Structure formats: C-alpha cells, structure tokens
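Below is one structure, written out as structure tokens, with a few remarks after it.
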2 protein chains.
Amino acid sequence: MEKQTITIYDVAREASVSMATVSRVVNGNPNVRPDTREKVLKVIEKLDYRPNAVARGLASHRTTTVGVIIPDITNIFYASLARGINDVATMYKYNIILASADEGKHKVNTVLESILAKQVDGLIYMGQNIDDSTRKELDRSKTPVVLAGTVDPTAKIGSVNIDYVAAVKEATARLIASGNQHIAFVTGPLNDPINGQYRLKGYQAALAEAKIAYDESLVFETEYSYRAGEAVWDAVKHAGATAAIVTDDELAVGFLNGGVDTGVKIPEDFEIITSNNTMLTEIVRPKLTSIAQPLYDIGAVAMRLLTKMMNKEEIDQNTILLPHSIITRNSTRSK
Amino acid sequence: MEKQTITIYDVAREASVSMATVSRVVNGNPNVRPDTREKVLKVIEKLDYRPNAVARGLASHRTTTVGVIIPDITNIFYASLARGINDVATMYKYNIILASADEGKHKVNTVLESILAKQVDGLIYMGQNIDDSTRKELDRSKTPVVLAGTVDPTAKIGSVNIDYVAAVKEATARLIASGNQHIAFVTGPLNDPINGQYRLKGYQAALAEAKIAYDESLVFETEYSYRAGEAVWDAVKHAGATAAIVTDDELAVGFLNGGVDTGVKIPEDFEIITSNNTMLTEIVRPKLTSIAQPLYDIGAVAMRLLTKMMNKEEIDQNTILLPHSIITRNSTRSK
DNA sequence: GCAACAAATGCAAGCGTTTTTATCTATCTT
DNA sequence: AAGATAGATAAAAACGCTTGCATTTGTTGC
C-alpha cells in the first residue's frame, strides 16, 4: 500500500471528461461550461485530488517558486526584509526557497546553483557584494533578480533600497551639528559597496561640507554582530572619537553596551546613530537614535517588483529608492 | 532566442551514449566504466549542462526539498532554530521551502497545503498548537514531519525540545529560593501546549513543592512581542508579584524595560527569569537570567532526525529532549 | 433549416528526468 | 574453447501535468 496518489487522470475518468478539461478547471481557465466545471469540481472534492506542483512545473515551465538568498536569518535586519518578501510572495501565490549564504559557510555560488536547479521563477538577493562569477551565473540563468537592501553599483540588476548616501550624510551632519569633530564610522565589510561606497561617501560628504578633514583612522571595519560591536568600542574611544555612525543595529547595540558598561555616559559623553531602526534600537538603554529604513517595505516592494518581472510586465523603474528618515532617541543629544 | 536549455538528451547525443548513462554519471552511480564517465563529464562541462531538479523530482518522486513552517521569522527564537535547520539541510543537500504561518495572516492549513503540493520530502514544523485538521492534513500526505521547539502532547509526531516542565520548575524554584512568594507566570498563548501544559505544569510543581498556593491571577497570558511585554508590566506589578517567569525573550525584554522604565530596581525589587537565552538576554541591562535552550541544536537535531525519516532509517527515539540549564545573569539576585 | 462562427472539449505531444528491463560485452572457469 | 557470470550500456516506459491543435457542440442570423 504505497502512497497511492490520485492524478488528474483519475479525476478525468471519474468525471468522464478529458484531462485537458480537468486541467482547465483546476487552473481557472474560463473556457469551461459551468456545469462541466461543477461536475469536475465535485469529483475533485470526492477524490480529494491535489495537483502535483512538480509535474505542473515541468509541464508549464513555471514553478511558482522564488529563491531568496539571505546572509543571516538571525539578523533582524534581514529577517525583517524577509518578512516583507514573504508576505507579498504569499499574496501572489509564490512559495519561497530560502537559502542562506553567509560569507563563510555557504558559498554564494553553490547556493545559487542549487536554487537555480530548482527552476525558481525569480530570485531575491540580499547582502554581500555580487562578484563577477555570481553575476555571470545569474545572467546565464536568465532568471529575474531583485536585490533587497542590497546595492548593485552597476545598476544592471533591479533593486530596492533607501538612499544610503543621503541618509548617512544627514546622520553625520547631525552629529557634527551637535558639536562633534571626531566622528567614527563603524561599519560592516567595506567590500560591500553599500558600506565601502555609498555609506562611506555620505559620511565623507558631511565631513567635507563641515570642512572637517576625513581621517581614515576613524573608520572601523568589522562584522555585523553584537560581539564585534562590544569589541570595537575601546579602539574607537582611544582613537579620540566623540560620536559614531554605526551601520548595523546589532553592531551598534554591542558598541553601545561596550561604552555603557565601561561607564561612559551616552549621549552626554558620546553620541551614536545607528542605521536600521530595528526593534533593537528600542530595547537598549539609552534607546538608539537611528536612520529609519522601511525594512518590511523594502522586502515587500522588492518582491512586488519581482512579480512584475516574472510576468514580463513593463518596468518603469528598476532601481527603487524608498524614503528614509532619522528617528531621534536617546543616544544623541537633543538638538 | 528563448531560454535555450540543454538537456540530458543533448549530453547523451554529444557523448554518444544513452540518456541512462548520463543519468548514472550525474547521480554518481558506480556502474559506469571510468572512461565513459570521463567522457560524459567532459561533455557536461563543455555544454555546461545543469540537471533540472523539477524533472528529476517528477521522475524520482524525491524533490530534495523540505518544508519549514515558522510562525515569525523575525523572532530570534525561531530564527535561531531555523539557522540550525538550514545548516543541516544544506549539509544533506536539501533545499528549504520556508513558509510562515503566523496565527493571523497566513492560516496553517493553507500554507501547509501549498507546501505539500510542492512534494516536499519532509517537513519541519515550528510553533503553534497542531489542531486536528492540521494533523489530518499531515497524516494524509504521508510526509515525514518533525517538530522543532514545538510539542505534540500525543507524541505521535517526532519532535525535538528541552524538558520544559523541568526547566520551568527549576527556574521557579530558584525564584522561590530567593524569597519570592508571589511569582508571576508571564506567558504566550496558553492554547499552545508548550505553555498551557508543560511550562505551566513546571511552574505549578515548583509552587506545590514549596507549599505555595497556585494563584491563577498571577498567570498572564499575552503574545510573544516586545510591546506585549511592556504592556503587561503594570498588571503584573499590581497583582503583587515580586518576580516573574517569562516564556519568551522578546516578551521578557519588553517586560523588563516596562519595569526599568518605571524606576523599579531589578533584581533588587523584582526578579525575572526568561526562557530562551537568545542574544536579547545579553543586550538589555540588567542582563536577563534565563533558561538556556540549545536553540541551534534543536533545529539541527530536528533536521537530522527528519533526514533519517526521509531515508526510512530506523528511528530509536522520535521524541528527543536536549539538555537545558539556567544561565544566571543580573535579573536575579545571586544565590 | 442551414451556413457560419464561437465556445467547449478532446487528443496527444511534450516537459527533462529516473528507472526497470533487456541487451551486450568482457572476463572467468574449467 | 564454450559456457557462465558479472558489469556496462541502451531502450523505452513512466512521472503527472500543460497546451497547441483538431474536433465537436452549440448558437446565431438570415
């Protein structure tokens, strides 16, 4: 007694129609007489027939599945994007194949290959820089791709982000306005253009506008993690900084606690602005002033854009910038 | 110039062998002469052939895909489990179809149906109580299922957890030992047996052992969220509690801040023990004493168990309890 | 009542693999 | 040297569905 599956053929026989008709009913094709539709539906119900998505995928070349590449699912930033992606995907009846491509363990290209083999209809890519081999792999597959919270300096690939340059510039200017001359830039990997190009540029632009010399020794590159934040505090302090822009909330929270735990008064003696406005910014004391990105929306809009691509709809704008703002909390002195 | 896919047939022709032989090579079947294997591999390389997983799935009845049902991907608890699941899945060459089934928006059964339609080889289920209709759906599909961090009182379905009864009992006893007579039990949904049966039982057992009467007005049922934690603080305080067991870290962190922000001294005036030992417990001040669950491992072991089921290996133990402990931090008075 | 047309249905060829069965080809045995 | 045996390979039938095309049925107008 094996897993006795009932197929479209069984339904067809039982309803005395052809497989084609059953298929039409199942797929909501309007070219079916109401009474035959009724009849078929009744048999489907009776036999408890469930279409096999794999067979469907093979026959139709559409799997109603999208791949989502995420660097670290436990990082609230990415998880929040994923939530938006998921909701919109569900809305449009797509399933998500999730794969994490954390720098170390799972190499992007391997992961990508396994996802593409599954014939996904589209792909959302988050995190990390896209290198040439990855780009080539994507091109070759001809699968629509959208980057979420991730930047492609060549603007070849569709993407949804905020204006990182402007956001960081504003944040930095804010710190300058409150009297800081030595502002640290505490960042994740600089080889990710989002940091190394966009955010850094905003930081530099604000300095330049205030005629403060850019000092490379105030740039601290580390990884996105709580521990890394704690660990980098001392170095930043010793470099003489009196404020910092931090490019990730986990990192910022670790950094903040690194300071707080050594008795530094924040914001009185040191100001911090972080970048993602996740729940973490509200959990710590003092609460963190943050650049606010519409995380959920970035994910949602990215997925929506992808659905358009998959439907071969006309896309007017494939590089989307969503609005940002700065939420003032208690890690900065009121201005 | 459509997406010109090259198939196993192309490879076979080019290498002047049959499709069957190519298939054997691709699948590492040993019954191929080394020189033919070589020849075929060369052609595969040359044509840059990639097997189509969908066709494979249809022909072999194995998709090398597992479904993962998660209540809320932004909750670090579940995300941590997912990380463990993902790593082991990747190790065994499975892809993950992720679907979130948050109580409200996405109904479990709908989600389940769409995942099962995709012919997943197995399923990891997290969160929420499994009701009869869900159970029926699972049974009918004959797909192996493992619960991760989720309990099935009937023990019919494989699962990986800690001993919640014992853990909560210990934690409660600890609070009793430090002098508390009125200990609140701040919990997520009680209709989830993990709360309503296991944890509550542990809480009651500790009280009973200390001859403290169980007082239902000290049980606070709410949802797993930061806001909910903040919101419930007042009620708990007014109920006269001097300590609390909280069953989720986000909830606990909100609860803690609810207290801290109203000037209550923790742990001097109020003690808190939370349940998941996620990063959040270290981020807040004071840091939270917590029951420690091996989150990553729960996910990893669950996935490993699932692989065994999918291989139809003999399972000696389908209800697995991993060890727990209590990590003492600063939300409890040293004992 | 019949031609002309549109709507509904059926037929059957795929989709790209795996897998069973059969066929071949070496290599041993004695 | 012939028969036996095991290992390689080939042929072809699934797998469960979609879809283009052909055919049938039903409708409409005159």
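Since the model is a prediction, treat every value here as computed from it, not as a measurement. Throughout, a chain's letter reflects where its sequence line sits, starting with A, and its residues are numbered from 1.
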[N] phosphate, OP1 or OP2: any side-chain N/O from [X] under 4.0 angstrom?
X        : N       : result
Tyr49(A) : dC17(D) : yes
Asn27(A) : dT18(D) : yes
Asn31(A) : dT9(C)  : no
Ser60(A) : dC15(C) : no
Thr36(B) : dT9(D)  : yes

Confirm from the modelled atom types if Arg50(B) and dG16(C) form a donor-acceptor pair under 3.5 Å, side chain to base only.
no

4.5 Å side-chain heavy-atom contact, Tyr49(A) and Val43(A)
no

Could you tell me how far apart [X] ([atom1]) and [N] ([atom2]) are, to the nearest whole angstrom?
X        : N       : atom1 : atom2 : value
Lys39(A) : dA8(C)  : NZ    : P     : 14 Å
Asn29(A) : dG10(C) : CG    : C1'   : 14 Å
Tyr9(B)  : dG14(C) : OH    : C1'   : 14 Å
Ile44(A) : dC17(D) : CD1   : P     : 10 Å
Arg56(A) : dT19(D) : CZ    : P     : 10 Å
Arg24(B) : dG7(D)  : CZ    : P     : 14 Å
Asp35(B) : dG7(D)  : CG    : P     : 17 Å
Glu38(B) : dT9(D)  : CD    : P     : 13 Å

State whether [X] and [Y] are salt-bridged, where the test is any N-O pair (Lys NZ or Arg NE/NH1/NH2 against Asp/Glu carboxylate O) under 4.0 Å.
X         : Y         : result
Arg140(A) : Asp48(B)  : yes
Arg13(B)  : Asp10(B)  : yes
Asp152(B) : Arg135(B) : yes

Around Asp132(B), counting heavy atoms of other residues, nucleotides and ligands shown, do more than 12 lie under 6.0 Å from its CG?
no

In terms of side-chain heavy atoms of [X], which of [options] is nearest?
X        : options                   : value
His61(A) : dC15(C), dT18(C), dA12(C) : dC15(C)
Thr21(B) : dT17(C), dA10(D), dT9(C)  : dA10(D)
Ala20(B) : dG10(C), dA12(D), dC15(C) : dA12(D)
Leu58(A) : dG16(D), dT18(D), dT18(C) : dG16(D)
Ala59(A) : dC15(C), dT20(C), dC15(D) : dC15(C)
Met19(B) : dT20(C), dT9(C), dT18(C)  : dT18(C)

Within the 4.0 Å heavy-atom criterion, would you say [X] contacts the bases, only the backbone, or no part of the nucleic acid?
X        : value
Thr7(B)  : sugar-phosphate
Val17(B) : sugar-phosphate
Ser23(A) : base

Of Asn52(B) and Arg37(A), whose closest DNA chain C nucleotide lies nearer the 5' terminus?
Arg37(A)

For the pair Asn29(A) (side chain) and Asn31(A) (backbone), establish whether a donor and an acceptor sit closer than 3.5 Å, ignoring hydrogens and angles.
yes

Pick the nucleotide of DNA chain D nearest each of Ala55(B) and Arg33(B); which residue has the one closer to the 5' end?
Arg33(B)

